[in-house]
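The structure displayed is predicted, hence computed values, not measured ones. Order of the sequence lines sets the chain letters (A, B, ...), proteins ahead of strands, with each chain counted from 1.
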Amino acid sequence: MIATTSSTDDTTTPAPGAGGPRKSFQWRGLFNPSPIAHLLNKLGLGFFVPYVRLAAGDEPQKQVRQILIDILLPGLAMCLFFAFWAVCAKHVKTDSTRIPTPAETWSAWQGMQAFAADQAVKESEFGDKMEKLAAVWDKQAQAAKDAGDAAKAAASAERAESYRSKEYAGPPTFYHQIGTSLITVTIGFIAATLIAIPLGILCGLNRYFFIALNPLVQIFKPVSPLAWLPIVFVFVTALYDPPASSHLFGRAMFISAGTVTLCSLWPTLINTAFGVAGIDKDHLNVARVLKLSWFKQLTSIILPSALPLIFTGLRLSLGVGWMVLIAADMLAQNPGLGKFVWDTFQNGSTESMAQIVVAVFAIGIIGFFLDRIMFALQRLVTFEDRAI
Amino acid sequence: MAILNIRNAGKSFGFGALKQDILSNLNLSINEGEFLAIVGPSGVGKTTLINLLVGLLQPDTGSVEFEGKPITGPSQERALVFQTYALLPWFTVKQNVLLAVSQVHRHLSRAEQSAHADRYIEMVNLSHASFKRPSELSGGMRQRVSVARALAMNPKVLLLDEPLGALDALTRATLQDEFVNIWKTARTTMVLVTNDPEEALLTADRVIPLRPGPPSTLGPEFLVPFDRPRRDPAIRESAEFIDLRVQITDYLRASMPRLSADDEAYAFPDLSPPPVVKPTGWRAKVRKLLAHFPEESDPT
Ligand SMILES: Nc1ncnc2c1ncn2[C@@H]1O[C@H](COP(=O)(O)OP(=O)(O)O)[C@@H](O)[C@H]1O
Ligand SMILES: [Mg+2]
């Protein structure tokens, strides 16, 4: 090839074979914190960066200052909040119940854990018992088979099987309820994603499609979950007839999930449409000059550049979905956190109020983690384009 | 033999009272194998003109022809190096080039396509950065990826839209020489659009100014008689070279809106820095306390 003059602009890159990045100064710390810090920032865990840098011995004073700020300020706010809560607990009361104190809430949480542990023990005991009964019938079946009585052997084997398949029918624990809620929101969210992303892409690509759909989107977007629920109820009842034995994937779960879908669809749809419509014009011109096929254009230009906004939409959608789910659970009597809050409230004692406060914290913390996960995904698919 | 022809072409943007003729009365014939430079200040319509040549835009009047046939849209025979580089940030250097290669050289096997891409990445001296993404590259390196992508299409015409506009002087000089070398090696027709008369004279066979309007139109051609390389002071500081540069600059300036001292008296406002207010009381105390810890500068 041609011999060009040596390049003067390669300041960011070493000559080939120079081995590793050029170092402008000698790093004297324990280890190089930059890659870990970069990863943490990318995953939305920037909170931990000062700890990593402190561990590496990188400007310890600055890191200590940052850590103190990061801990002290939220700590202060938290203390004020607990003080306010304690005051409320002392003064806000009705005839039958009152706001529980932080201590009561803590012991309610421990009670709920103990109950769950107790149920777990009972469940495994129940399982052992059924297994023992089944073993007895297995033996009889074997004996009948040896005796040549095929009919009796089959009947005994069936008995054994029926014992084995028996499920423990204790009351659901708090963890079961959390599990049910998570499954429900996942179903609803996945359904919303599968509807919203393709529709959003079509709206973003095709002006006419967007003009056609826009009024419907604008009208249905602000509708409250409580209004959707009866409609979803009719649809699910008409279309889905679950086997009586299935207590997990019952109608109530799909009514809840359907409501979540209808409410959480819109942020993803709108963000996808804007992401696709707002693609850099030069990138589209590249596609035109190269005469990329429709499919290649979609996979190599449209989707990658719309992904950050699509994930922004998904993150908003999941937030909305989780919020809506609690209300939908309450109304649809889906055995998740919403139903738990409602049933416990019907109980009316101070102890049950404490359990509700526990549920409030659980809902908040789970929602926070769901958001963090989506945030990390969003960061992972975002490519910086520091143009020029 | 002319490969590209513009005949009486014009282009306007907007509609109604806001309609503005950006380009009009364009006449140009570009010879096969030549290195042509078009010079004009920013905003005259250089990008618009090059988009007409590529086929991304259609003229409102007149016609633009490639090999005797009117241009109806972009073609892989006319590659464009975008003013903004237009690299895809989610692809590596190699993937960016491969996107073009796999599109233009469909008959090649995957391995051959990959080798083809590598060849052009090497031609612009970027083999060592093949697996980097655009955000990890300097401006000059990105520019060269963009050139490699265009060259790898093996176009009959390579159009460069202000390729060095955003780069520093040293990088510009390097890449100017590189363009000349590429032109000599690849033997394509090159059309370089630039805002710098000196750059045009250092690289091209023929320089045509785009006279500012509106509407803008192409001026007379200036033939550049010097041998290459022209960076040698013997050429670059010769009276002929300087004379050509002055002629082109004067031609462009003649039609630019004037801003001279006698047009209007400019009175500079009396600017003095705002007074410094020293913090007192508890603010000062907090500052003193915080001064024990140096301020964190956000790394992201
Ligand atoms: N798509 C467009 N719509 C309206 N005006 C445009 C469009 N493209 C360019 N222009 C106008 O045309 C003029 C020339 O633009 P351009 O060709 O980009 O100039 P240059 O590349 O020489 O800087 C500018 O005044 C710009 O505002
Ligand atoms: Mg331009």
For this session: Please indicate whether B:Arg110 has more than 12 foreign heavy atoms, meaning atoms of other residues, nucleotides or ligands, lying under 6.0 Å from its CZ.
Result: no
Exercise. Would you say A:Phe375 has more than 12 foreign heavy atoms packed within less than 6.0 Å of its CZ?
Worked result: yes
Quick one: does [X]'s side chain get under 4.5 Å of [Y]'s, heavy atoms only?
| X | Y | value |
| --- | --- | --- |
| B:Met153 | A:Val289 | yes |
| B:Leu87 | A:Val286 | no |
| A:Arg288 | B:Val54 | no |

Exercise. Counting distance only, does the side-chain N/O of B:Trp90 pair as donor-acceptor with the main-chain N or O of A:Ile301 below 3.5 Å?
Worked result: no
Problem set entry | Under 3.5 Å: donor-acceptor pair, side chain of A:Lys291, backbone of B:Pro74 | yes
Exercise. What option among A:Leu307, A:Asp282, A:Ile69 has the most heavy-atom pairs under 4.5 Å with chain B?
Worked result: A:Asp282
Exercise. Taking atom CD of B:Gln103 and atom CG of A:Leu292, what is their separation to the nearest 0.5 Å?
Worked result: 4.5 Å
Exercise. Looking at OG of A:Ser300 and CG of B:Leu88, how far apart are the two atoms once the value is rounded to the nearest 0.5 Å?
Worked result: 7.0 Å
Exercise. Chain A: which of B:Asn51, B:Val104, B:Leu99 shares the most heavy-atom pairs with it under 4.5 Å?
Worked result: B:Leu99
Seminar exercise, completed: So, the part of B:Arg149 with a heavy atom under 4.5 Å from chain A: the answer is side chain
Problem set entry | Side chain, backbone, both or neither of A:Lys281 within contact of chain B (heavy atoms, under 4.5 Å) | neither
For this session: Name the region of A:Ser293, side chain, backbone, both or neither, that has any atom closer than 4.5 Å to a heavy atom of chain B.
Result: backbone
Problem set entry | Partner set under salt bridge (charged side-chain N to carboxylate O under 4.0 Å, His left out) for A:Arg315, not counting sequence neighbours | A:Asp371
Seminar exercise, completed: All heavy atoms of B:Gln76 vs all of A:Leu290, minimum pair found to be NE2-O, 3.0 Å
